[in-house]
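What you see is a predicted model, and the numbers here were worked out from it, not measured in a lab. Every chain is numbered from 1, with letters handed out A, B, ... down the list of sequences.
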Number of protein chains: 2
Amino acid sequence: MELRQLRSFVTLVESDFNVSQAAERLHLVQPAVSQHLRQLEDELGVRLFRRRGKRLLGLNEVGDKVLAYARAALTATGNIAAVGKDHAQEQTGVLRVAATHTQARYVLPSVVRRFSAEYPGVALEIHQGTPAQLIDMVVRDGVDLAVCTEGLDPHPALLAVPCYRWNRCLVAPEGHPVLACKPLTLDVLCAYPVITYVFGFTGRGNMSDTFSREGLRPHVVLGAVDTDVIKTYVREGLGIGIIADMAYQPDHDADLARRDLSHLFPWEVTKIAHLRNKYLRGFQQRFIDVFQAETAGLGQVGRGPKTG
Amino acid sequence: MELRQLRSFVTLVESDFNVSQAAERLHLVQPAVSQHLRQLEDELGVRLFRRRGKRLLGLNEVGDKVLAYARAALTATGNIAAVGKDHAQEQTGVLRVAATHTQARYVLPSVVRRFSAEYPGVALEIHQGTPAQLIDMVVRDGVDLAVCTEGLDPHPALLAVPCYRWNRCLVAPEGHPVLACKPLTLDVLCAYPVITYVFGFTGRGNMSDTFSREGLRPHVVLGAVDTDVIKTYVREGLGIGIIADMAYQPDHDADLARRDLSHLFPWEVTKIAHLRNKYLRGFQQRFIDVFQAETAGLGQVGRGPKTG
DNA sequence: AGAATTTACGCGGTCCGTAACCATG
DNA sequence: CATGGTTACGGACCGCGTAAATTCT
């Protein structure tokens, strides 16, 4: 059994059982991949695929088991290579991070600035997607780290390290009547058209739950994945905005008044997730540290709320 | 990176960093193994060994990390091969079991009889050793399963499945004065010379603890690893025997009187341990089942005591 | 001096690319 | 007939064994 056979096998599965496509991804010609698969089946003495004629349709029961171990073997060898690079060329490499728009736009910039100053030789890739996509990317090893607030609790292959806590704030144009209301309650928020995130993004789930537990239904006139969009429509006078507190930028958003809402909604915890079995290079570990340090002002996990 | 390089690397470590010896174990010549090691170091761009001149003395820090992942890779590929064999030749293979003398002599025979009837094509190897050696064998993958009663609680690489509970009994020649004592207490046992197991064997630890908790010290005139030896000396009149209950064989030991001692000592649990990350072939799993079934009469874990 | 490791070299095997040949929808 | 897979074949590479050179105890 050879590693290249396992690589062909795994790549084939990830290429929808299209041998030609797998070959291309592996920078090989198609007959080579076919041979690897045949060698693997011959050596094991078992068929691994469901077939119709020459076409491969999917894995059979044996193939499923083999796939899991093949992935484990390739992960292990990948780790060995990473350990090598980590000691041979400490300061160079690639760091692939996935994050939602809110994180990428408002939290990561300062982290990246500090990290890049420390590791000028490390190429950073910031990928963006929905929370579900982030999980998927990191599970498929399409990225090294994913900055997640929601949706990763159940996955056994991932390890999530908590980084900081945050909550929402209200934004409204100066002079808006809602700003006069004291105290701010859920009822008050329901009295105005609301602009906030769509479901599944930036804590929208927990927010909606809070309303419905009180038997309230806010009038959400617009849902966005992107805080910039929310702010824009708030400025247009379409409604009041409920956004993640760290997305309010005093320098640029002085025309919008902010009111803390942490007394109304549960705290969200933003974590960094990575594959449990994968070796993290020194600078990848360090990125997590820097992330935690840079977000310390926002609210450290396990300490009192601080949403300056 | 090639699997054969990793194999050479791991084998070298397990051969006390003697390249020639590693080569022999791998059925290769020595320069071949040297080349593998050099290729590995060259490709990773890092030294993996502590050296004095050409001699290899041990691993350095990097080598340690690489070793762990190399083992993981080889385990994974081994698992793939096992899955293959498991489906291609269900009924044939090798099963290597390690056990202490007591288990091998008194518990395993009926298990083996039943198992072998079911799998005539499976070659059984019964290895014997001290409890510490059993753990070591299974951790180093020198055996597939280890039948253990003590000393495996802490090891993270192992999985132990509980099989049955047992306790001790007293054996003495017919007519011995101790047999007249009712009830049998710890004090009574201390009144006579005792023959039992040495420390670390067959529950001797828990037995001694029970005495010392009561401030008692039995007069152990002979410690053995082997119940047959204990019985022999009891027959010679050297003292009373305290042995594992399942080691009393009514057919052969009719000349020795037995008294249950389960009211005096804690129950012991015998488990079968195997490597957590290793694929167990069908018949290996089945051996565990058969073991549990055959020992059910002795005392099932989680049910009431039954030491018929 | 002897044991252990590295260097040198050549043969055999095999990996993969090219090209021609089949199957399926 | 186009897309996708297998069979056939040859050149280049490389893994390993033999043998000589080198280094450490």
Side-chain angles (χ1 to χ4, degrees), chain A residues 1-60 62-63 66-67 70 73-74 77 80-81, chain B residues 1-60 62-63 66-67 70 73-74 77 80-81:
Chain A
M1 185 181 336
E2 297 294 324
L3 283 172
R4 70 183 88 78
Q5 294 162 5
L6 301 182
R7 257 188 284 273
S8 289
F9 178 64
V10 171
T11 306
L12 177 79
V13 174
E14 291 171 355
S15 306
D16 225 10
F17 298 92
N18 182 324
V19 183
S20 312
Q21 188 182 328
E24 194 167 2
R25 288 197 196 182
L26 291 162
H27 307 290
L28 292 172
V29 294
Q30 190 262 8
V33 174
S34 276
Q35 194 180 22
H36 293 167
L37 301 173
R38 217 168 62 78
Q39 287 169 336
L40 197 58
E41 283 191 322
D42 286 355
E43 184 174 338
L44 298 180
V46 200
R47 309 278 87 173
L48 299 173
F49 305 101
R50 301 191 341 258
R51 294 174 154 86
R52 168 146 51 229
K54 300 184 168 184
R55 294 298 216 289
L56 305 177
L57 304 176
L59 295 175
N60 60 24
V62 187
V66 170
L67 176 63
L74 296 177
T77 53
I80 293 175
Chain B
M1 186 181 333
E2 297 295 321
L3 283 172
R4 72 184 83 83
Q5 296 162 4
L6 301 182
R7 256 188 286 273
S8 288
F9 177 66
V10 171
T11 306
L12 177 79
V13 174
E14 290 169 355
S15 306
D16 225 11
F17 298 94
N18 182 324
V19 183
S20 313
Q21 189 182 327
E24 195 166 2
R25 289 197 196 182
L26 290 163
H27 307 290
L28 291 172
V29 296
Q30 189 263 7
V33 175
S34 277
Q35 193 180 21
H36 293 167
L37 301 174
R38 218 169 62 75
Q39 288 169 336
L40 198 57
E41 283 190 322
D42 286 354
E43 184 174 338
L44 298 181
V46 199
R47 309 280 84 174
L48 299 172
F49 305 101
R50 298 188 346 255
R51 293 175 155 87
R52 170 146 52 226
K54 297 184 168 183
R55 296 294 216 285
L56 304 176
L57 304 177
L59 294 175
N60 61 23
V62 186
V66 171
L67 177 63
L74 295 177
T77 53
I80 293 175

| Full working for side chain to side chain contact (heavy atoms under 4.5 Å, CB included) between B:Glu2 and B:Gln39 | CA-CA 9 Å; B:Glu2 297 295 321; B:Gln39 288 169 336; over 6 Å; no

| message | At a heavy-atom distance below 4.0 Å, what parts of residues 35-55 of chain A sit against DNA chain D? | response | A:Lys54, A:Arg55

| note | So the contacted stretch of DNA chain D, first to last nucleotide with an atom under 4.0 Å from a non-hydrogen atom of chain B, runs from D:dG15 to D:dT25

| field | salt bridge (charged side-chain N to carboxylate O under 4.0 Å, His left out) partners of A:Arg25, counting only residues at least two apart | value | none

| said: So for atom CD, which belongs to B:Glu24, do other residues, nucleotides or ligands contribute more than 12 heavy atoms lying within a distance under 6.0 Å? | reply: no

| request: Using heavy atoms and a sub-4.0 Å distance, could you list which residues of residues 26-34 of chain A are near DNA chain D? By number, please. | output: A:Gln30, A:Pro31, A:Ser34

| query | Hey, does B:Val46 have a side-chain heavy atom less than 4.5 Å from the side chain of B:Asn60? | reply | no

| said: Applying ring-ring contact (aromatic ring centres under 6.0 Å, His included) as the test, list every pair that has at least one member in residues 9-49 of chain B; sequence neighbours left out. | reply: B:Phe9-B:Phe49

| query | Reckon B:Asn18 has a side-chain N or O less than 4.0 Å from the OP1 or OP2 of C:dT5? | reply | yes

| request: Please examine the side chains of A:Leu40 and A:Leu6, heavy atoms only from C-beta on, and report whether any two atoms are closer than 4.5 Å. | output: yes

| request: With the side chain counted from C-beta on, respond yes when B:Arg47 and B:Val62 share a heavy-atom pair under 4.5 Å apart, and no when they do not. | output: no

| B:Leu56 side chain reached by B:Leu37 side chain, heavy atoms, under 4.5 Å | yes

| note | Taking five pairs at each terminus, the helix from C:dA1-D:dT25 to C:dG25-D:dC1 shows an axis bend, to 10°, of 30°

